[in-house]
Amino acid sequence: MGTGSEKQRTGSECGQRNSADYLSCFSSTYLVIKAGLRIRAKKYQQTRVVVNIGISGNITLMKSFNFTLLTKDRKTSARRGVLETPHGRIETPIFMPVGTHAAMKAMTPRQVADCNAQIILCNTYHLHLRPGEALVEKAGGLHRFMAWDGPILTDSGGFQVFSLPNKRITEDGVFFRHEITGEEIFLDPAKAMAIQEALGADIIMAFDECIPYPCDKSYASRSTRKTLRWAEECKKAHTRRDQALFAIVQGSIFEDLRAMCARELVQMDFPGYAIGGVSVGEGLELLKKVVEFTAPHLPEDKPRYLMGVGLPEDILESVERGMDMFDCVIPTRYARSATLFTNRGRIRLTSRKYRRDFYPVEPNCTCYTCTNFTRAYLHHLFVSNEVLSAILASIHNVHFYLNMMAEVRTAIEEGRFSEYKNNFLSQYDKGGK
RNA sequence: GGAGGGAUUCCCGAGUGGCCAAAGGGAACAGACUGUAAAUCUGUCGUCGGACGACUUCGGAGGUUCGAAUCCUCCUCCCUCCA
């Protein structure tokens, strides 16, 4: 950028390359002219052309955030949609890899893009702590700072309310005590919004309290009301119109609380809704129930994001129940401890039985790892504690997840989601672990 | 030739009379991980059996003692220093 040369990108470089059909009818062109004039033209399905012109650094014309529901599965609640953001389109259902500290662990942005990632996650709390949102803003925003051109979603820090020790939760916000630095961090709705606006992600999340499981109903009820109040405060504090603010439904495992929370949030009218407070140890059966009785309260024409989920089986069950977006640290975290996903289940590459296994991790996989390396080699890397083990394993796991999502989308389009899911799970369970 | 130091369970290494099957670390093996306090954490790690227990271990052989990895004697091997 800034060399005066023309730079052209295809849709595939913007993180949109799962479906050949869409690839062929979508392209986006950036023209960068010496004076800093930026012209952006985007064609979508040959029917609509949006041209934004802005002076670089000063005026940026807003691209609207838009969700289109393309197809609904006949037998289940599975949905196929498209989410348009200022940094590109997202085909749903989608899995969003997690790069908490403005970095995917053990992967370069290019490797993440090569795995067909469309959008990634970063974290408000962690980036506020280090390097601080002011610095990220000075660096030109999160996208430029971390060299990721595609859409980004920032989580609000609500999950840290659940996961971190040494915190004090009040009616107005949360005091965190940083374990290493000893620093005290205070987050409330207004602050979470200010930080996320400075970071500049495409989708930002309301500040909520992720309720632990198990939890008695009276606490869940009080906490859920607080999350509702905080959502309203977030909405008031949110000023950047090029960012979509998603609200988060809490309510633990209680149907009436979830319904109440969803209804009230929908009344406040957000561009997207998340179900939070799951994947906190409740297990797949309860997760299914929660999604089943919460999703129907969410509007059809808005994206639905199931936070922190999960394992492949969790995602498939939740797609079936009408969820569109997922994120989870599992593919990357598991990769670093040698657990890899295959069509026949998870395998642990540190296991001695892979020492002389000269097959790819997943023979049908087209990822960089599987097309170039054997299980024996990865076993060797893990046993030798080589950094490359984490890289190759992460590439495979992220690719595996995103490939599964691409197959899910195609299956929904072709009206055979249930068959796909059943087929996947029967094969997957057979060789599990 | 003389003087001194040492040999511990796969490896490194603590232990100097009972609380020792023997600290700690590593390796090995197994497991966990769901909006990342995470290249992290947990378990097993002499043998046999369920915890409890039984049996065999601290270079080798004897001895002292109710009791020895620990004390004594001799032997083997290794290291350092002086000739």
Side-chain angles (χ1 to χ4, degrees), chain A residues 95-107 119-127 129-130 152-167 176-183 185 192 196 201 203-213 227 246-250 274-284 286-287 290 305-315 317-318 323 325-339 341 346 348-355 379 381-394 397 401 433:
Chain A
F95 177 80
M96 308 181 280
V98 182
T100 304
H101 301 267
M104 290 284 299
K105 289 188 192 295
M107 292 178 85
I119 169 172
I120 60 170
L121 245 74
C122 294
N123 183 275
T124 300
Y125 171 86
H126 291 290
L127 291 174
L129 208 71
R130 190 170 56 187
I152 299 176
L153 182 151
T154 43
D155 184 31
S156 61
F159 184 70
Q160 279 61 45
V161 179
F162 159 78
S163 68
L164 294 181
N166 304 323
K167 73 248 166 180
F176 299 93
R177 175 70 63 183
H178 191 258
E179 185 78 344
I180 297 152
T181 64
E183 198 179 343
I185 311 291
Q196 291 188 88
I203 301 172
I204 66 177
M205 300 305 298
F207 187 58
D208 65 329
E209 180 186 346
C210 180
I211 305 173
Y213 175 83
T227 287
F246 281 26
I248 304 171
V249 180
Q250 289 291 344
I275 296 177
V278 291
S279 63
V280 288
E282 76 285 355
L284 180 55
L286 274 173
L287 170 70
V290 168
Y305 163 26
L306 187 61
M307 305 187 78
V309 171
L311 291 165
E313 54 268 39
D314 301 338
I315 293 175
E317 297 292 355
S318 304
M323 299 307 292
M325 303 164 69
F326 305 88
D327 81 281
C328 191
V329 304
I330 280 180
T332 44
R333 182 182 287 173
Y334 277 30
R336 276 175 274 125
S337 52
T339 301
F341 291 88
R346 282 139 62 175
R348 186 191 302 274
L349 279 178
T350 42
S351 177
R352 203 161 181 77
K353 64 184 168 196
Y354 299 114
R355 209 162 85 88
H379 171 86
L381 292 180
F382 275 111
V383 165
S384 317
N385 202 23
E386 285 291 335
V387 174
L388 189 57
S389 63
I391 297 170
L392 295 181
S394 298
N397 276 357
Y401 265 64
K433 287 193 190 169

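In the text below, chain A, chain B and the rest are named by the order of the sequence lines, each starting its count at 1. Keep in mind that what you see is a predicted model, and the values were worked out from it rather than measured.
Look at B/rC77: its Watson-Crick or wobble partner, with both distances under 3.5 angstrom, is B/rG6. Shown here, B/rA14 forms no base pair; nothing in the strands shown gives a Watson-Crick or G-U wobble contact with both key distances under 3.5 Å. Pair assignment for B/rC19: none, as no Watson-Crick or G-U wobble contacts are both less than 3.5 Å. Pair assignment for B/rU70 gives none, since no Watson-Crick or G-U wobble pairing has each distance under 3.5 Å. Across all strands shown, B/rG1 forms a Watson-Crick or G-U wobble pair with B/rC82, both key distances being under 3.5 Å. In this structure B/rG43 sits in a base pair with B/rC29, meeting the Watson-Crick or G-U test at under 3.5 Å. Pair assignment for B/rU64 gives none, since no Watson-Crick or G-U wobble pairing has each distance under 3.5 Å.
Of the residues near RNA chain B, A/V387 and A/Y305, the one whose nearest nucleotide (by heavy atom distance) lies more toward the 5' end is A/Y305. Comparing A/S279 and A/H379 by the nucleotide of RNA chain B that holds the closest heavy atom to each, the one mapping nearer the 5' end is A/H379.
Contact annotation: side chain of A/T332 to base of B/rU36, donor-acceptor pair present below 3.5 Å. Judged by atom type and distance alone, A/D208 reaches the base of B/rG35 through a side-chain donor-acceptor pair under 3.5 Å. For A/S337 against B/rC41, no side-chain N or O and base N or O form a donor-acceptor pair under 3.5 Å.
Of the side-chain N and O atoms in A/R333, none sit less than 4.0 angstrom from OP1 or OP2 of B/rC33. Listed pair A/Q160 / B/rA37 meets the phosphate criterion, a side-chain N or O lying under 4.0 Å from OP1 or OP2. Note on A/R348: a side-chain N or O is less than 4.0 Å away from OP1 or OP2 of B/rG31.
At a threshold of 4.0 angstrom between heavy atoms, the contacts of A/Q250 include nucleobase atoms, whether or not backbone atoms are also involved. Heavy atoms of A/L164 sit under 4.0 angstrom from primed sugar atoms or phosphate atoms, though from no base atom. Within 4.0 Å (heavy atoms only), A/L311 reaches at least one base atom of the nucleic acid. Backbone-only contact: A/H126 has heavy atoms under 4.0 Å from sugar-phosphate atoms and none from a base. A/D314 comes within 4.0 angstrom of a nucleotide base, judged by non-hydrogen atoms across all strands. Among the heavy atoms of the strands, none lies under 4.0 Å from A/V161. Residue A/S351 is in sugar-phosphate contact alone, with no base atom involved, counting any heavy-atom pair closer than 4.0 Å across all strands shown. Counting non-hydrogen atoms under 4.0 angstrom, A/L153 reaches nothing in the nucleic acid. Looking at heavy-atom distances under 4.0 Å, A/G277 makes contact with a base.
Between B/rA37, B/rG35, B/rA39, one nucleotide has an atom nearer to the side chain of A/N385 than all others, and that is B/rA39.
Atom CZ in A/R346 sits roughly 6 Å away from atom P in B/rA32 (whole-Å rounding). Regarding A/R355, its CZ atom lies at a distance of 14 Å from the C1' atom of B/rC29, rounded to whole Å. Protein atom CD of A/E317 is 15 Å distant from nucleotide atom C1' of B/rU34, rounded to whole Å. Taking atom CD1 of A/I152 as the reference point, atom P of B/rG35 lies 18 Å away to the nearest angstrom.
Expressed to the nearest 0.5 Å, how far CG of A/L306 lies from CD of A/E317 amounts to 12.0 Å.
Looking at A/L284 and A/E313, their side chains come closer than 4.5 Å, going by heavy atoms from C-beta outward.
Here the separation of B/rC10 from B/rU73, taken at their C1' atoms, is 33 Å to the nearest Å. B/rU42 and B/rG50 have their C1' atoms separated by 22 Å, with the value rounded to a whole Å. Across B/rG46 and B/rU36, the matching C1' atoms stand 40 Å from one another, rounded to whole Å.
The aromatic rings of A/F341 and A/Y401 sit perpendicular to each other, their planes meeting at more than 60°, with 30° as the lower class boundary.
Side-chain atoms of A/E209 and A/T227 form no donor-acceptor pair, as typed in the model, at a separation below 3.5 Å. Looking only at atom types and distance, the side chain of A/D155 has no donor-acceptor partner in the side chain of A/Y125 under 3.5 Å away.
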